[in-house]
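A short worksheet on the structure shown next.
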Amino acid sequence: MSVRVRFAPSPTGYLHVGGARTALFNWLYARKMGGVHILRIEDTDRERSTEAHTQVILDGLRWLGIEWDEGPYFQGAFGARHRADAERLLAEGKAYRCFCTTADLDAQRKAMAGMKTAFRYDGRCGRLGAAEVEAKVAAGTPSAIRFRMPQGEIAWDDAVHGRISFQGHDLDDLVILRSDHTPIYNLAVVSDDIEMRITHVIRGDDHVSNTPKQIALYRALGHEPPVFAHVPMILGDDGKKLSKRHGATAVGDYQDKGILPAAMRNFLALLGWSPGGDREILPEAEMIAAFSLEGIQKKPAVFDTAKLEWMNGQYLSQLSADALLAPTERELARMGVTAPGRDLRPLIDSVKARSRTILNIAEQVAVRLDPSRVVRDAKGEQLAAKLGTAFSANLAVVADALDRIPAAEWHSDRILADMKALAEARGAKLGDLLQPVRVVLTGSTVSEPVNDLLVVVGREESLARLNAGVRT
RNA sequence: GGCGCUAUCGUCUAGAGGCCUAGGACACAGCCCUCUCAAGGCUGGUACACGGGUUCGAAUCCCGUUAGCGCUACCA
């Protein structure tokens, strides 16, 4: 039987990194096994679900390069089947009508508050006589449908955790159909997974306590449960559940920060999964080849932004300026920087080695393009203070020497040769000559080699900035 | 409270009884390279939660303790 997996987000918020990773694992497993990856939007919570959220989730998945072979299906469209399944269970005596109102339930809960055990529905409506039920129905009393939880052990062999076992008597008789005839999550999932012939349910750890309920539902409905694989949560750097106060947690935020989809995918894959051994950078094909459910970690993982950025830098350095051009231009446009007719690729090449994100690249390109974006940072100020009058004196000397290089010979090699000769002639250190140039050109003490920087900024623009620097 | 899950460097992890005086990566520190930085190379510190077993031998198996997390809805 061929593998069929699904990613089933509920559109009640943005696509967060935990969900993205779950999707990634589903997709990797499908690709690895030559199976089918299905996208199903679980929009049965109509109060919190929005179309905008659905769109954000779809966009996020596409950005990450996670494809689906079927769907997106919308769970809300399957209400009739969910209802039919609930009624079948009712007809077979595996479920019963519950006439308790929300207020009744609250009262029951309150009454049990002092007791040591947790509140559990006592099944009182399940003990109603047939005549009594009929009378209530005839009287038009609204009722929900409750599933009769079987007693005894319910266990399964989880693909990541191994055997997990619950006792039926610890579980509630759960409502499967609301009194307004809409389905409850646990029923809808099982009904859909059966209908879609899902073979492996790969989902977040937070669902393990739902699993025994769902297994019971599978059996009551006359189907074998699928293989379950519960992947652990992703935590913030304080060990707490990842949330907005940890900074970016939505995949769209990382897109905005200039993270590459391939790097994000690689990083997410390695959060809670390991191919075994020492590999870190895994191209898509290798990732698929190495993927296995057994390689998934049991314990939650902390999301380490520094490592993500390191990884992004690795991917960045492998990409050509050609490949980086479009995303960089997009970023520049957002910053309001345009350079019509200018080939930005040499600038990107010049700058990408010192960048960890597209945003870094764009910022540095912008500074080289537009003198108004040069802002002297703390290190730059420090250097100027340290050199004192030598700062502008050196600038003047360098500017003078550079001015003698004809435009046709404004090349990296020629500039470096002249600078070295100048340093030697004056008995100065090359660094003392060049650092002021770097600071005046970029505002910072960090950049590509100054001779390259001069080429990238251009002869006239460089000289203009240097001369302006001498005067201040 | 109940039920369940988890436990190797600060972080991500390798490790399926002897290969472990515990390996890699990020981060950190130092050195090399160098006009600065990044990259790269080298070096360094830091971990098997605790307590009992089982075994000739345990990071690896079992039990307990502790801690963390999840669920406990007519939410998903």
Side-chain angles (χ1 to χ4, degrees), chain A residues 8-12 42-45 47-49 75 98 100-102 105-106 109 113-121 142-146 158 161 164-167 169-172 174-186 188-189 204-212 230 232-233 235 237 239-241 267 270-281 294 297-311 313-314 317 351-356 379 383 416 419-420 423 429-435 437-439 442 444-451 453:
Chain A
S10 55
T12 52
E42 314 228 307
D43 55 351
T44 50
D45 183 350
E47 285 182 14
R48 292 191 298 153
S49 299
Q75 191 161 59
C98 177
C100 297
T101 62
T102 317
L105 262 11
D106 283 346
R109 213 166 271 133
M115 318 236 317
K116 283 204 176 66
T117 50
F119 168 75
R120 197 164 303 124
Y121 182 66
S143 63
I145 296 182
R146 244 180 224 281
D158 195 276
H161 291 277
I164 299 180
S165 157
F166 285 79
Q167 294 300 324
H169 60 75
D170 287 325
L171 272 18
D172 245 343
L174 65 150
V175 170
I176 53 178
L177 200 72
R178 296 186 185 94
S179 47
D180 67 357
H181 309 299
T182 58
I184 285 292
Y185 168 75
N186 279 305
V189 182
D205 233 351
D206 47 341
H207 285 289
V208 315
S209 39
N210 281 323
T211 305
H230 287 100
M233 312 270 85
L235 308 176
D237 53 16
K240 294 266 167 36
K241 201 168 150 187
F267 176 73
L270 256 32
L271 249 200
W273 172 74
S274 165
D278 297 338
R279 286 187 290 172
E280 298 283 340
I281 304 295
E294 291 68 33
Q297 201 73 16
K298 292 182 178 72
K299 67 163 182 181
V302 173
F303 193 94
D304 182 0
T305 309
K307 187 160 184 178
L308 168 62
E309 290 187 354
W310 165 79
M311 187 163 283
Q314 296 291 307
S317 64
V351 126
K352 71 171 192 179
R354 266 160 306 279
S355 302
R356 290 198 151 188
K379 288 274 181 59
L383 184 93
L416 182 60
M419 289 301 103
K420 282 186 169 164
K429 281 195 280 188
L430 190 57
D432 286 342
L433 251 31
L434 297 186
Q435 271 304 66
V437 176
R438 175 171 280 125
V439 169
T442 69
S444 135
T445 57
V446 171
S447 84
E448 62 272 50
V450 167
N451 50 324
L453 176 63

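Just so it is clear, the model here is predicted, and its values are computed rather than measured. In the text below, chain A, chain B and the rest are named by the order of the sequence lines, each starting its count at 1.
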Counting only Watson-Crick or G-U wobble pairs whose two distances fall under 3.5 Å, which nucleotide matches [N]?
{"N": "B:rU65", "result": "B:rA49"}
{"N": "B:rC20", "result": "none"}
{"N": "B:rU34", "result": "none"}
{"N": "B:rC74", "result": "none"}
{"N": "B:rC26", "result": "B:rG10"}

Nearest-Å distance once atom [atom1] is located in both [N] and [M]:
{"N": "B:rC9", "M": "B:rA22", "atom1": "C1'", "answer": "10 Å"}
{"N": "B:rC32", "M": "B:rC37", "atom1": "P", "answer": "12 Å"}
{"N": "B:rU21", "M": "B:rG57", "atom1": "C1'", "answer": "16 Å"}
{"N": "B:rG24", "M": "B:rC35", "atom1": "C1'", "answer": "35 Å"}
{"N": "B:rA25", "M": "B:rA67", "atom1": "C1'", "answer": "27 Å"}

Any side-chain N or O of [X] under 4.0 Å from OP1/OP2 of [N]?
{"X": "A:S274", "N": "B:rA14", "answer": "yes"}
{"X": "A:R356", "N": "B:rC37", "answer": "no"}
{"X": "A:Q167", "N": "B:rG4", "answer": "no"}
{"X": "A:K379", "N": "B:rC37", "answer": "no"}
{"X": "A:R178", "N": "B:rA76", "answer": "yes"}
{"X": "A:H230", "N": "B:rC5", "answer": "no"}
{"X": "A:Q314", "N": "B:rG40", "answer": "yes"}
{"X": "A:R146", "N": "B:rC74", "answer": "yes"}

Whichever of A:R354 and A:L235 has its nearest RNA chain B nucleotide further upstream toward 5'
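Between the two, 5'-proximity favours A:R354.
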Regarding A:E280, tell me which of base, sugar-phosphate or nothing describes its non-hydrogen contacts under 4.0 Å with the strands shown.
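Here A:E280 touches the bases of the nucleic acid.
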Going by distance alone, is a donor N or O of one side chain under 3.5 Å from an acceptor N or O of the other, for A:T182 and A:R178?
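Note: A:T182 and A:R178 side chains meet the donor-acceptor criterion.
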To the nearest angstrom, how far is [X] atom [atom1] from [N] atom [atom2]?
{"X": "A:E309", "N": "B:rC28", "atom1": "CD", "atom2": "P", "value": "12 Å"}
{"X": "A:M419", "N": "B:rU36", "atom1": "CE", "atom2": "P", "value": "16 Å"}
{"X": "A:F166", "N": "B:rC3", "atom1": "CZ", "atom2": "C1'", "value": "7 Å"}

